[in-house]
Amino acid sequence: MKEFISNLLVQAANTLVEDTSSINIILERPKSAAHGDFSCNLAMMLAKPLRQNPRVIAEQLINAIPQNNQIAKIEVAGAGFINFYLAADAKHAVVKAILEAGDQYGQNQTGKGEKVQVEFVSANPTGPLHVGHGRGAAVGDCLSRLLAANGWDVTREFYYNDAGAQIDNLTISVLARAKGVSTNDISFPENGYRGEYIADIAKAFLAKETIVADDTEVTASGDLNDTESVRHFSVAYLRHEQDLDLRAFQIQFDVFSLESALYASGKVEDTVQSLIKSGHTYEEEGALWLRTTDFGDDKDRVMRKNEGGYTYFIPDVTYHLEKWNRGFIKVINEQGADHHSTITRVRAGLQALDIGIPKAWPDYVLHQMVTVMRGGEEVKLSKRAGSYVTLRDLIEEVGCDATRYFLAARKSDSQLIFDIDLARAQTNDNPVYYIQYAHARICSVLTQWEGEPSSLAAADLSALASSREAILMQKLSEFPDVVQQAASDLAPHMIANYLKECASELHSYYNDTKFLVDDTSTKLARMALITATRHILKNGLHLLGVSAPNNM
RNA sequence: GCGCCUGUAGCUCAGCUGGAUAGAGUACCAGUUUCCGAAACUGGGGGUCGCAGGUUCGAUUCCUGUCAGGCGCACCA
């Protein structure tokens with residue numbers, strides 16, 4: 001419909017201007033129903049080049065628009081807006097379209113089946129996942145679902161930094177606990193991990209337990225002189241813990257990549273050699289540097305430390321080079337904003353390789369900090385992890401649906417306050433239940449109707465003539481635009497906001513109008529409309545990874 | 001000091017590539033169930049869009065400056 005009107009306007013504009021190719025027709029949905037179903041500011045855009053009053057131009061445009069049966073009325077309003085009022089049939093069309101497409105409605109082929117990788121969570125295997133990782137998980141998973149709905153071939157990936165100094169730190173922390181050193185003791189490693197889970201790992205190691213994580217299996221030697229065994233076992237143990245966290249959050253990954261594998265395969269060394277060959281490196285004070293300042297960084301970065309090891313920067317570049325070589329023209333990295341400084345660095349490293357990787361590749365979505373509140377006070381402690389709130393604590397307390405919704409419903413640029421009391425509330429305060437209730441309500445009515453849902457696509461919809469019904473149909477028709485916009489803006493929160501509005505229109509309609517009436521054609525038309533609404537709510541909730549219960 | 005993000009109703013937040021009277025939820029006040037689920041709905045009050053300039057027909061939106069908060073500025077990741 002949008003395209004249809006757009007074409008009409010281009011035709012009309014052709015009668016006033018010689019070259020319309022540079023004109024970008026913008027059609028918007030007016031906030032107020034008094035302004036029609038679609039609105040266009042074309043006349044105002046043309047006012048300057050034509051040197052005429054916008055309202056006069058608008059009149060001329062309207063006169064030049066060909067007659068058709070889709071549009072009931074066209075008006076000039078305000079400073080020169082052209083408002084379109086759709087004919088009843090045109091409004092009803094969306095209901096039929098939804099009923100025919102069902103679960104597929106809202107999807108499009110913008111991505112043309114091309115490969116996109118979304119990397120998210122990527123927590124170090126040094127502890128359980130915390131709320132911040134949860135936000136990354138919710139946003140990353142929702143982004144993946146959105147991109148898939150837009151026709152992309154999506155790969156979800158988790159990168160484990162299992163090779164750096166933080167793993168040495170983990171190893172000595174577990175060793176200390178295994179030897180009975182208390183975290184308060186002076187001899188406990190200064191920067192060691194102090195959460196209670198470290199003691200659990202130590203205990204499991206001494207008990208020679210076997211851990212299965214992803215595709216690997218590790219059995220503890222139980223020998224405290226065997227540092228390598230402690231290291232492997234601890235990493236496997238925590239990867240397993242994180243797997244459980246992810247399972248509780250109903251997040252699945254297609255690929256787990258390990259930093260250690262990049263070293264083992266010699267790819268890290270290859271990258272170093274390529275960078276040296278590119279001529280952007282130099283040695284100073286015993287270290288090997290990359291001149292990242294040539295590519296927009298504010299200072300050069302160390303590649304190889306003077307004691308010989310590589311900084312994390314090099315495997316990071318290697319990993320992204322791998323992504324490029326695996327054929328991902330589009331890559332989105334979802335990370336916490338506290339890592340934003342790596343963006344320039346990784347991109348600079350890839351530029352230095354000089355192999356034609358675009359300057360702005362890969363894309364990044366950064367999420368800001370999460371603060372958890374309970375009873376009006378900030379929650380900072382967890383029994384398991386000590387100094388931070390774990391994702392699993394949160395899921396256990398408020399449930400998976402509410403946790404996912406709250407973590408994805410805010411613009412990721414904004415800091416987020418997670419109110420546990422609100423998320424737990426099974427009342428009208430809680431937007432998750434509000435949306436799910438709308439869905440359950442529809443299901444309840446459909447059950448009582450006892451009719452055949454598949455017959456509705458052919459129903460006569462002419463009875464849908466009230467303003468409530470018009471508003472609801474208008475809201476439903478926006479869904480495909482929202483799905484497309486949310487994906488192109490990489491903004492999952494738009495789905496959450498849309499669903500709240502959609503649920504609100506349904507609830508208003510429900511309270512205003514009785515659906516199961518005696519008149520058959522009216523009843524069928526209303527069944528068709530609420531069934532269409534149900535599809536939209538279900539499809540939208542699915543994009544968020546939130547369930548759409550039939551009853552609650 | 002430098003960089004990134006954020007300042008919109010008492011609180012939590014939307015505001016779609018600049019557009020019509022700046023919206024929603026919550027909280028507060030007043031109403032709605034002989035009728036499909038009241039986990040709902042209807043109405044009301046509540047705003048200098050941090051502040052100051054600039055760009056133009058028009059700025060919450062774009063630019064500059066400034067104030068405030070968060071995060072980051074390692075031969076850690």
Side-chain angles (χ1 to χ4, degrees), chain A residues 24 26 28-32 34-35 39 41 44 47-48 53-54 77-81 83 122 124 126 161 163-167 169 191 259 284-289 298-299 301-313 315-316 336-344 366-369 371 373 376 409-417 419 422 425-434 436-438 440-449 478 481-482 485-486 488-489 491 493-494 496-498 500-501 503-504 506-517 526 530 551-552:
Chain A
N24 184 21
I26 298 172
E28 42 179 47
R29 317 264 187 170
K31 289 167 196 163
S32 159
H35 296 138
S39 173
N41 63 353
M44 282 123 105
K48 201 164 193 182
N53 185 321
F81 291 100
N83 295 336
S122 294
N124 289 342
T126 53
N161 287 109
Q166 79 283 2
I167 300 300
N169 205 3
N191 298 316
E259 181 185 8
E284 194 174 288
E285 295 170 13
L288 181 65
W289 296 70
D298 55 350
K299 58 179 102 168
R301 302 294 165 178
V302 170
M303 296 166 59
R304 194 194 316 115
K305 300 179 251 184
N306 54 19
E307 42 87 355
Y310 294 122
T311 59
Y312 75 96
F313 163 58
D316 262 12
D338 52 341
H339 287 81
H340 81 263
S341 63
T342 65
I343 298 176
T344 322
L366 302 180
H367 64 260
Q368 297 287 329
M369 302 275 108
T371 306
M373 305 287 284
R410 298 282 180 248
K411 205 164 44 177
S412 54
D413 281 341
S414 306
Q415 290 170 47
L416 184 148
I417 294 182
D419 185 339
L422 178 59
Q426 305 220 343
T427 68
N428 51 355
D429 310 2
N430 191 329
V432 187
Y433 289 97
Y434 184 81
Q436 290 180 325
Y437 180 44
R441 247 184 166 176
I442 294 171
C443 293
S444 172
V445 174
L446 292 175
T447 303
Q448 289 166 67
W449 168 50
E478 290 170 18
D481 290 347
V482 174
Q485 191 74 39
S488 70
D489 290 0
H493 74 279
M494 293 176 70
N497 288 329
Y498 170 80
K500 219 160 61 176
E501 292 167 8
S504 171
L506 185 278
H507 286 309
S508 292
Y509 181 39
Y510 182 97
N511 277 277
D512 178 73
T513 309
K514 187 168 160 83
F515 305 152
L516 294 170
V517 290
R526 288 177 182 166
I530 64 170
N551 51 61
M552 20 195 315

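The chains referred to below are lettered A, B, ... by the order of the sequence lines, with proteins before strands, and numbering in each begins at 1.
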Asker: Nearest whole angstrom, please: distance from the P of B/G7 to the CG of A/D413.
Answerer: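 One finds 9 Å between P of B/G7 and CG of A/D413, rounded.
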Asker: If you look at every strand shown and take non-hydrogen atoms under 4.0 Å, does A/F313 touch a base, only sugar-phosphate, or nothing?
Answerer: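 If one applies the 4.0 Å heavy-atom cut-off, A/F313 turns out to touch nothing in the nucleic acid.
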Asker: Would you kindly compare A/H507 and A/M494 by the position of their nearest RNA chain B nucleotide and give the one closer to the 5′ end?
Answerer: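 The residue whose closest nucleotide sits nearer the 5' end is A/M494.
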Asker: According to the 5.5 Å centroid and 30° plane-angle thresholds, does A/H35 stack upon the nucleobase of B/A20?
Answerer: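 Yes, the aromatic ring of A/H35 stacks with the base.
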Asker: So if I take every side-chain heavy atom of A/N83 and compare against B/A14, B/A20, B/U17, which nucleotide ends up nearest?
Answerer: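 Of the options given, the side chain of A/N83 lies nearest B/A20.
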Asker: Hey, is A/F81 stacking on B/G19? Ring centres under 5.5 Å, planes under 30°.
Answerer: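 Per 5.5 Å and 30° rule: no stacking.
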Asker: Do the side chains of A/Y509 and A/R526 get nearer than 4.5 Å, heavy atoms only?
Answerer: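 Yes. Closest side-chain heavy atoms under 4.5 Å.
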Asker: Under 4.0 Å from OP1 or OP2 of B/C41: is there any side-chain N or O of A/Y434 that close?
Answerer: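 True: A/Y434 side-chain N/O within range (under 4.0 Å) of B/C41 OP1/OP2.
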Asker: Starting at the 5' end of RNA chain B, write a dot or bracket for each base, bracketing those in Watson-Crick or G-U wobble pairs whose two distances are under 3.5 Å and using | for partners on another strand.
Answerer: (((((((..((((.....[...)))).(((((.......))))).....(((((..]....))))))))))))....
Asker: What nucleotide among B/C75, B/A77, B/A38 has an atom nearest to a side-chain atom of A/Y437?
Answerer: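 Nearest listed nucleotide: B/A38.
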Asker: Given A/Q485 and A/D481, is the side chain to side chain donor-acceptor pair (under 3.5 Å) satisfied, shown in steps?
Answerer: CA-CA 6 Å; A/Q485 191 74 39; A/D481 290 347; over 6 Å; no
Asker: Have a look at B/U33 and give me syn or anti from its glycosidic angle (syn if within 90° of zero).
Answerer: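 The base of B/U33 is oriented syn (glycosidic angle within 90° of 0).
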